[in-house]
> 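Sharing a structure with you now.
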Amino acid sequence: MTALRDVPEVASRVDEEKGRYQSLMMSYAPVAAAALVLALVPLMVGGDRFFLRVATLGLAFVGYAIAFNVIFGATGQLFLCLGALAGLSGYTSGILSNDLNVPMLVSMLIGVLLASALGGLFSWISVRRRLDVIFVGIVTLAFSLVFTTTAQATRNLTGGETGMVVLAGSGTALRRSLSSYYIFLAVAIAFLAIYRAMQLSNLGWAFRAIRDDEVAAELAGINVARCKVIAGVVGSAMFGAIGALWVHHEGFLSPQTFAFTHIDVRIIVMLAFGGIGTLFGPIVGAATFTVIDEILRPFGQMRMAFYGVVLIVLFLGFRTGVVPAVTSLSRRIAGSFLDRRNRRDEPRTEPEAETR
Amino acid sequence: MMALLFDGLVFGLQLSMLAVGLTLIYGLGGVLNLAHGQFATITAITAAVLIRGGSGILTAIVLAVLVAGALALFLDMTLMRPVYRQHGEERVLLSLLLTLGAAFIIDGFLYYYYPLTAFSLRIPVRSVDILGVRMRSGSLVASLIALTVLLGLIAFLRYTRQGKAVRSLIQSEEGAQLCGINPTVIRTGVFVVSGMLAGMVAVTQGLIAAVGPADGIRFTIMALIVTVVGGLGSVSGALLAGLLLGIIYLLSASYVGTFFTFVILLLVAMITILLRPSGLMGRAVAT
């Protein structure tokens with residue numbers, strides 16, 4: 001028989017009661033720890049410019065993966081236009097700053113707002129029309145291709161397939177390798193904190209309920225539509241932010257920069273590998289595959305096949321992902337350890353509410 | 001104008017042939033195959049390699065289409081079986097992700113080993129006049145092939161025992177099972193047929209233009225668009241939508257250019273999903 005304490009909702013309510021003693025600092029300790037570890041990376045690679053560049057790319061993908069975690073991990077909306085959302089913001093920001101001399105930060109803000117509005121629109125429409133995951137997938141995949149094709153076709157605006165040079169970022173901290181690393185780190189950690197805040201709020205409860213069973217969540221009085229749109233808006237804004245930052249960091253963009261094959265598949269693989277719906281999953285996944293990607297670079301297009309294999313293996317055999325697997329393993333070890341020690345003294349201590 | 005209409009029909013027939021397999025698979029199992037276009041590219045590259053190796057054109061084509069069928073059989077046995085074990089939303093999601101993975105594996109291999117190989121067939125017959133419109137013989141042969149295949153498929157679904165089994169399974173899985181129909185066998189069979197149909201599209205498309213390794217995603221998206229506009233799971237819808245979109249494609253290609261044609265088609269599909277998710281001929285989609 002399951003004790004009432006084992007029901008997640010009740011457990012988290014009890015934890016909430018306990019939460020009076022738990023300071024705010026404790027709930028954000030995992031975020032701070034991640035920030036600390038990642039901040040030390042430049043020291044480990046010794047300031048080498050190549051490695052810093054790769055690490056910065058990795059951080060961009062951490063951001064992307066967290067954003068996808070908000071959209072897909074939290075509310076199960078399969079957006080297949082991740083690169084396009086980032087690219088919409090990137091192109092908007094690049095073109096505005098290039099052609100209209102809009103200040104860089106303002107142009108980035110406009111890009112983020114645009115991406116966020118579009119993502120929210122997708123969510124809103126799919127909720128209003130009660131679209132299945134299959135239709136959400138098709139609509140967003142179609143948008144992905146609309147975006148790439150438009151970027152290729154509007155040559156005098158985007159430079160077409162040859163791409164365009166964006167000058168606004170030159171001379172700023174975004175172009176220097178060390179400072180740009182920390183800028184991307186700050187953004188990624190901010191995303192992580194936002195994700196954590198969502199987890200801890202009522203919204204996080206609602207997200208988990210929606211993930212488990214949408215109909216049941218609706219019946220329990222959760223405004224599923226509102227939750228999904230919020231996830232769509234916030235996640236897409238994150239995509240926009242990274243996209244715009246990346247454009248000014250690189251100083252160059254082409255349809256390839258945000259291509260479906262380039263961005264979307266990597267993000268899905270990274271998040272699935274790290275653990276969908278977990279706090280650290282995006283970091284673990286992005287770090288792992290950024291490294292693997294660099295190792296596989298000599299194989300050129302064969303990397304695509306590699307990602308295909310990983311995608312299949314992950315979803316066929318390893319659905320949980322690394323972070324949940326490690327968490328449950330360590331908990332089992334700790335649990336059996338505690339069991340042996342405290343068999344007589346007191347009932348087994350429940351594991352701490354996990355950082356999911 | 002007449003010429004545009006004819007070209008549109010030629011293209012439309014191929015779109016129908018491409019989409020009909022996809023829509024059948026969806027109808028049978030409620031799953032989507034995002035590696036559909038890759039069956040076409042596999043066929044094209046296999047045929048091109050065989051022809052370069054000195055085999056006859058007809059043997060090369062037949063062998064290549066069989067390779068597509070074999071690949072479909074393999075994918076069905078390995079990837080789709082676990083998918084069918086899931087239910088509802090989970091099944092769709094798993095099918096999307098797994099076939100996307102398969103598409104990437106195939107694309108990766110083709111890009112890596114045959115980046116510059118392309119398949120195209122030249123038929124040494126001059127153009128023919130039909131209703132005062134000059135048609136290239138390649139287009140005519142392509143249309144004839146597509147028409148034969150589609151009519152054969154319709155006849156199969158309508159008149160044979162297996163075809164009826166397929167249709168009953170689309171109507172109701174439980175009902176079909178009660179009549180002694182084994183869904184697994186039917187699904188495998190249809191998956192193989194759909195792979196070979198996509199392969200045939202590569203052949204007919206090769207009569208008109210070159211098909212290379214990069215065309216896989218484009219074929220898949222085209223098939224998706226047609227399937228969606230026609231109504232997921234509806235065979236007649238796919239046929240109708242294919243012809244309709246073929247004509248729209250050619251009209252807009254000649255008036256606004258190829259790039260935006262693609263955008264227009266995608267927008268048509270998106271609008272269809274938003275306004276009428278069941279498509280032209282589809283039944284209301286059960287959720």
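Keep in mind it's a predicted model, so treat the numbers as computed, not measured. All values below were derived from every heavy atom in this structure, side-chain atoms included, with hydrogens, water molecules and symmetry-related copies excluded.
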> With respect to chain B, which residue among Val269(A), Thr150(A), Ile125(A), Val265(A) yields the maximal number of heavy-atom pairs within a distance under 4.5 Å?
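Top option by heavy-atom pairs under 4.5 Å: Val265(A).
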
> Tell me whether the count of non-hydrogen atoms from other residues, nucleotides or ligands lying under 6.0 Å of CZ in Arg81(B) goes above 12.
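Yes.
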
> Just verifying a value: how many Å separate Phe104(B) CZ and Leu311(A) CG, rounded to the nearest 0.5 Å?
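Spacing of CZ (Phe104(B)) from CG (Leu311(A)) equals 8.5 Å.
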
> Going by heavy atoms in the side chains, are Met302(A) and Tyr113(B) under 4.5 Å from each other?
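Yes, side chains in contact.
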
> Quick one: do Phe147(A) and Leu266(B) satisfy side-chain contact (heavy atoms from CB on, under 4.5 Å)? Show the steps, please.
CA-CA 10 Å; Phe147(A) 173 76; Leu266(B) 289 164; over 6 Å; no

> Within the structure provided, determine whether Leu32(B) and Ile138(A) are in side-chain contact (heavy-atom separation under 4.5 Å).
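Leu32(B) reaches Ile138(A) side chain to side chain.
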
> I need the residue from Leu224(B), Val83(B), Ile221(B) with the largest number of non-hydrogen atom pairs under 4.5 Å to chain A.
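The answer is Ile221(B).
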
> Is there side-chain contact between Thr261(A) and Tyr111(B), with heavy atoms separated by less than 4.5 Å?
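Thr261(A) vs Tyr111(B): side chains apart.
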
> Please identify, among Phe260(A), Phe306(A), Tyr307(A), the residue contributing the most non-hydrogen atom pairs under 4.5 Å to chain B.
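Most pairs with chain B among the choices: Phe260(A).
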
> Report which part of Leu98(B) has an atom under 4.5 Å of a heavy atom belonging to chain A: side chain, backbone, both, or neither.
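Backbone plus side chain of Leu98(B), per the 4.5 Å heavy-atom cut-off to chain A.
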
> Highest number of heavy-atom pairs under 4.5 Å with chain A: which of Leu96(B), Val228(B), Leu100(B)?
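Option with the top pair count is Leu100(B).
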
> Would you say Phe72(A) and Leu93(B) make side-chain contact, with heavy atoms under 4.5 Å?
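Side-chain contact under 4.5 Å: yes.
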
> Indicate yes or no: at least one non-hydrogen side-chain atom of Ile312(A) is less than 4.5 angstrom from one of Ile105(B).
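Yes, side chains in contact.
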
> Please give me the minimum heavy-atom distance between Phe315(A) and Leu94(B), naming the atom from each residue.
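For Phe315(A) versus Leu94(B), the nearest heavy atoms are O-CD1, 3.6 Å.
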
> Supply the atom-to-atom distance Thr220(B) OG1 to Leu145(A) CG, rounded to the nearest 0.5 angstrom.
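So the OG1 of Thr220(B) and the CG of Leu145(A) are separated by 10.0 Å.
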
> Return the CZ to CE distance between Phe135(A) and Met270(B), rounded to the nearest 0.5 Å.
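It comes to 13.5 Å.
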
> Atom OG1 of Thr149(A) and atom CD1 of Ile264(B): how far apart are they, to the nearest 0.5 Å?
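Reported to 0.5 Å precision, the distance equals 11.5 Å.
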
